[in-house]
Number of protein chains: 2
Amino acid sequence: MQIDDIDRRLLRHLLAEPDLSTTDLAARAGVTSATAWRRIERLREAGILRGQHAIIDWRALGWEVEVSLRFTLDKTDPRAFDEFLAAVREVPEVIEIQTFLGRVDVRLNVIARDMRHYQEIYRDRILTLPHIADIESLMLVSTIRKTESLPI
Amino acid sequence: MQIDDIDRRLLRHLLAEPDLSTTDLAARAGVTSATAWRRIERLREAGILRGQHAIIDWRALGWEVEVSLRFTLDKTDPRAFDEFLAAVREVPEVIEIQTFLGRVDVRLNVIARDMRHYQEIYRDRILTLPHIADIESLMLVSTIRKTESLPI
DNA sequence: GATGAAAAATCTGTGAC
DNA sequence: GTCACAGATTTTTCATC
């Protein structure tokens with residue numbers, strides 16, 4: 001799909017202020033609301049805009065612990081990889097899964113209410129995942145998603 | 001703040017389908033829209049709901065490369081850490097920053113249009129960051145945010 | 001082929017209960 | 001927590017460039 005300056009302005013403002021109404025977004029991008037609406041719709045159809053994400057503060061909800069786990073698997077075949085990922089999806093406390101090129105290497109972010117709870121999840125849900133050769137854990141202090149200042 | 005079952009249902013549905021109108025959300029949670037609205041407002045004031053995030057498909061926009069970089073800094077003092085983070089914030093291609101406990105250790109996710117562009121960013125914007133002792137790079141294949149299936 | 005103005009459909013936010 | 005409603009917003013239509 002072709003993207004022009006108006007689309008770029010719309011995307012930039014949408015990323016900076018996702019709660020904006022189409023009317024206000026249009027005003028900021030210097031077009032009418034009908035135009036803004038049609039273009040947003042087109043970006044959505046093209047798969048560039050994939051909807052919204054509600055941001056939840058886990059800590060405010062009482063989930064104090066977030067840990068980033070990095071796995072090395074003990075096999076390199078795709079089936080082992082798929083089995084591992086399928087098992088991971090069954091663990092609700094895993095809120096993010098990342099896979100990488102060039103290694104049998106996966107990263108998971110796990111949340112827990114507190115350290116005791118985390119130890120439980122780790123023992124019962126993480127260590128029991130299939131095909132694990134090695135795990136490295138890092139306690140997360142903060143995550144900043146910088147999607148306000150996009151390079152578009 | 002106290003969270004009850006209705007709040008939990010609202011949050012769960014909001015996470016699963018963030019584009020839902022308050023009316024539809026209310027219907028799914030089994031309350032009227034006025035109730036849903038007031039509770040959402042309360043969750044917002046309590047800092048549990050922190051607004052929305054527009055999801056963009058970088059690949060559809062022509063940003064083909066995402067790399068996860070892990071840094072070890074050469075100093076352990078807080079000032080070096082802050083200087084490093086301040087410099088990172090100036091790089092628009094860095095879309096995520098994570099900091100960890102127990103190490104002078106930071107992770108960044110960087111996007112680029114293609115490998116050539118990534119090499120440029122790496123050489124001119126990453127290697128020039130202050131206080132770097134070591135960098136490890138992993139090419140991202142996929143990120144799945146599993147926030148649909150929350151443990152609440 | 002895309003735009004703006006304006007109308008129609010829908011939703012949000014508030015007051016009364 | 002529900003119901004009702006005015007005001008705002010979203011989405012469609014249509015004439016125009």
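In what follows, every chain begins at residue 1, and chains take the letters A, B, ... in the order their sequences are listed.
Applying the side-chain hydrogen bond (donor to acceptor under 3.5 Å, both in side chains) test to B/R59 and every residue at least two apart in sequence or in another chain returns nothing. Residues that satisfy the salt bridge (Lys or Arg N to Asp or Glu O under 4.0 Å) test with B/E64, not counting sequence neighbours, are absent from this structure. Under the side-chain hydrogen bond (donor to acceptor under 3.5 Å, both in side chains) criterion, B/T99 pairs with A/S142, sequence neighbours left out. Among residues two or more places apart in sequence or in another chain, the side chain to side chain contact (heavy atoms under 4.5 Å, CB included) test is passed with B/D82 by none. Qualifying side chain to side chain contact (heavy atoms under 4.5 Å, CB included) partners for A/E17, counting only residues two or more places apart in sequence or in other chains: A/L20, A/R28.
Counting to the nearest Å, the P atom of C/dC11 and the CG atom of B/L25 are 13 Å from each other. In this structure, the CG atom of B/D19 is 12 Å from the P atom of C/dT12, given to the nearest Å. Put simply, CD on A/Q2 is 14 Å from C1' on C/dG1, counting in whole angstrom units. Atom CD1 in B/I6 sits roughly 7 Å away from atom P in D/dT2 (whole-Å rounding). What separates CG of A/D7 from C1' of C/dT3 is a distance of 14 Å, to the nearest Å. Put simply, CZ on B/R42 is 16 Å from P on C/dT14, counting in whole angstrom units.
Among the atoms of the strands shown, none is found under 4.0 Å from any heavy atom of B/I40.
Between the A/R12 side chain and the A/A29 main chain, no donor and acceptor come within less than 3.5 Å of each other.
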Indicate for each nucleotide in nucleotides 10-17 of chain D, in 5' to 3' sequence, whether protein heavy atoms under 4.0 Å reach the base (B), only the sugar-phosphate (S), or nothing (-).
BSBB----

